[in-house]
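Please read all numbers here as calculations on a predicted model, not as lab measurements. Labels below follow one simple rule: chain letters A, B, ... track the order of the sequence lines, proteins then strands, and each chain is numbered from 1.
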Protein chains: 2
Amino acid sequence: MLTLSEENYIKEIYHLDVVADKGISTNAIANKLQTKASSVTDMIKKLADKKVLIYKKYQGVTLTDFGKKAAANIVRKHRLWEVFLVDKLQFSWDEVHDVAEQLEHIKSPKLIDKLDAFLGFPKRDPHGDIIPDKKGNVQAQEQLLLSALIKDDIGICVGVKDSSAAFLQYLDKQKIALGQEIKVIDKEPFDGSVIIKTQNKQFSVSQKIATNLYIQKI
Amino acid sequence: MLTLSEENYIKEIYHLDVVADKGISTNAIANKLQTKASSVTDMIKKLADKKVLIYKKYQGVTLTDFGKKAAANIVRKHRLWEVFLVDKLQFSWDEVHDVAEQLEHIKSPKLIDKLDAFLGFPKRDPHGDIIPDKKGNVQAQEQLLLSALIKDDIGICVGVKDSSAAFLQYLDKQKIALGQEIKVIDKEPFDGSVIIKTQNKQFSVSQKIATNLYIQKI
DNA sequence: AATAATTTTTAGATTAGTCTAAAAATAAAT
DNA sequence: ATTTATTTTTAGACTAATCTAAAAATTATT
């Protein structure tokens, strides 16, 4: 059985693992978890004992298959709860994270199965992120950043890279929602901004926006 | 801010407070929480410092108004989650307790308000217990034990005193549900059993059953 | 009222998770 | 290839929550 703290470490290492290919460094984990490197060293020793990850002094860590499954399960719970908060309780998508951060630690497989069914077996959370299945498998997402599209490309908005409240609120203000169709009218090479058309309105978004919005081409 | 452990102590003291009139003893708390008396002494000192309760050595404890409000809030959360589990997720009433025990510690007033609304502002949980309101007030329940009724009394089943899975399953088997009308046909003075009629069926229940089922007379 | 039994508290130890400060190892820069 | 800078680990300490065992206070019993 994993403690709350252990679960938070595992989840964060899992998120870092997606990008990195070598071992996850002690400092990277410490930054993400707002803690000190020495605390991380202590904890990863414990997690290595529990066969959650592989740890060699000074070489960083990598999750074992067991660790990856455990992590995917926590992520699954987090994202299902986010769907619940938005779909059923009318939370907006920029205010669900902190609550889901607590709910993800509730231990009851039955609860999650029933919640999943109640929500209609959703595939993605309110930010467009894929929800891992019961067995901890994550379906690969075929998605590009808006900035990677070229003139006349058309796609569906499927997710955000940055899920900070500020960014989500910006999207709300511009009436950009997940599931929405977006067409690239033109690109401005000078500053990387993109002129898009969505819902019959045409406007420009900055490079910062374009590099944080995932699109699935159609 | 209260820790998880503190919340569990407060909740248990609150439940014990309903029955007792003098201070709640260290041992009583230790029994309920499956812990040692020495641990209880340590904790109640801490809770006294936090103004949650009044503590005098060897005299037991009593909750302050602040402590009572905090406790009622935890109980409110516990019971609202139980309603959610039964009404929305199709849990049966004998399997919700352990999950609710975890969910009651989630900290988010907004979540509870929205959950309350989503559930249609229920007044009682699946076991018939009154749900404290937002301010921590509990409406007095006018209810008697089935064993206190006399021949020809008619009432509605409103709650259970013992909410163990075994008892709840017994009630399910006998098709006795909350909200159901029950008439006392006769009583057997010898063993305290009661002959009742409900849903056009007439049968006898033992004294043990009759002293654990709450009825509201009509 | 004195003694016995029980309850409660204290004292000291333990575990999980964290921290600071110093030491050791690795990586970067001259 | 040394030296310097950075990262990581170790050593020792702290807090929260618990425990055991012994001491102190209260309650019950003769």
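Not one side-chain nitrogen or oxygen of B:Tyr55 sits closer than 4.0 Å to the OP1 or OP2 atom of C:dT8. Note on A:Ser25: every side-chain N or O is 4.0 Å or more away from OP1 and OP2 of D:dT7. Distances shorter than 4.0 Å separate none of the side-chain N or O atoms of B:Lys45 from OP1 or OP2 on C:dT9. Using a 4.0 Å cut-off, some side-chain N or O of B:Asn27 falls inside it from OP1 or OP2 of C:dT8.
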Distance-only donor-acceptor hits, side chain of residues 25-37 of chain A, under 3.5 Å, sequence neighbours excluded:
residue	atom	partner	partner atom	Å
A:Ser25	OG	A:Ala28	N	3.1
A:Asn31	ND2	A:Asn27	O	3.4

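By the salt bridge (Lys or Arg N to Asp or Glu O under 4.0 Å) test, B:Lys45 is found to be paired with no residue, residues two or more places apart in sequence or in another chain being considered. Among residues two or more places apart in sequence or in another chain, the ring-ring contact (aromatic ring centres under 6.0 Å, His included) test is passed with A:His97 by A:His78. The ring-ring contact (aromatic ring centres under 6.0 Å, His included) test applied to B:Tyr9 returns no partner, not counting sequence neighbours. Evaluation of the salt bridge (Lys or Arg N to Asp or Glu O under 4.0 Å) rule for A:Lys107 yields A:Glu7 as partners, not counting sequence neighbours. Partners of A:Lys11 under the salt bridge (Lys or Arg N to Asp or Glu O under 4.0 Å) rule, at least two apart in sequence or in another chain, are A:Glu101, A:Glu104. For A:Lys50, the salt bridge (Lys or Arg N to Asp or Glu O under 4.0 Å) partners two or more places apart in sequence, or in a different chain, are A:Glu6.
Within residues 31-41 of chain B, the residues that have a heavy atom under 4.0 Å from DNA chain D are, in order of number, B:Thr35, B:Lys36, B:Ser38, B:Ser39. Listed in residue order, the members of residues 97-105 of chain A having a heavy atom less than 4.0 Å from DNA chain C come to none.
Remark: A:Lys88 qualifies as a cation-pi partner of A:Phe118 under the 6.0 Å distance and 45° angle criteria applied to the six-membered ring.
Residue pairs satisfying the salt bridge (charged side-chain N to carboxylate O under 4.0 Å, His left out) criterion with at least one member in residues 125-135 of chain A, sequence neighbours excluded, are listed as follows: A:Arg79-A:Asp125, A:Asp113-A:Lys134. Sequence neighbours left out, the pairs with a member in residues 53-76 of chain B that pass salt bridge (charged side-chain N to carboxylate O under 4.0 Å, His left out) are B:Arg76-B:Asp116.
The nearest whole Å value for the distance from the CG atom in A:Leu2 to the P atom in C:dA16 is 13 Å. In this structure, CD1 of A:Ile29 is placed 13 Å from C1' of D:dT7, rounded to the nearest angstrom. With rounding to whole Å, A:Met1 atom CE is found 15 Å from C:dA16 atom P. As a whole-Å value, the separation of A:Asp42 CG from D:dC14 C1' is 13 Å. One interatomic measurement links the two molecules: CG of B:Leu47 to P of D:dA16, which rounds to 12 Å at whole-angstrom precision.
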Using a cut-off of under 3.5 Å, enumerate the N/O to N/O pairs linking the protein to nucleotides 23-29 of chain C.
residue	atom	partner	partner atom	Å
C:dA25	O4'	A:Tyr58	OH	3.3

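Under the 30°/60° scheme for interplanar angles, the aromatic rings of B:Trp81 and A:Trp81 are found to stand perpendicular.
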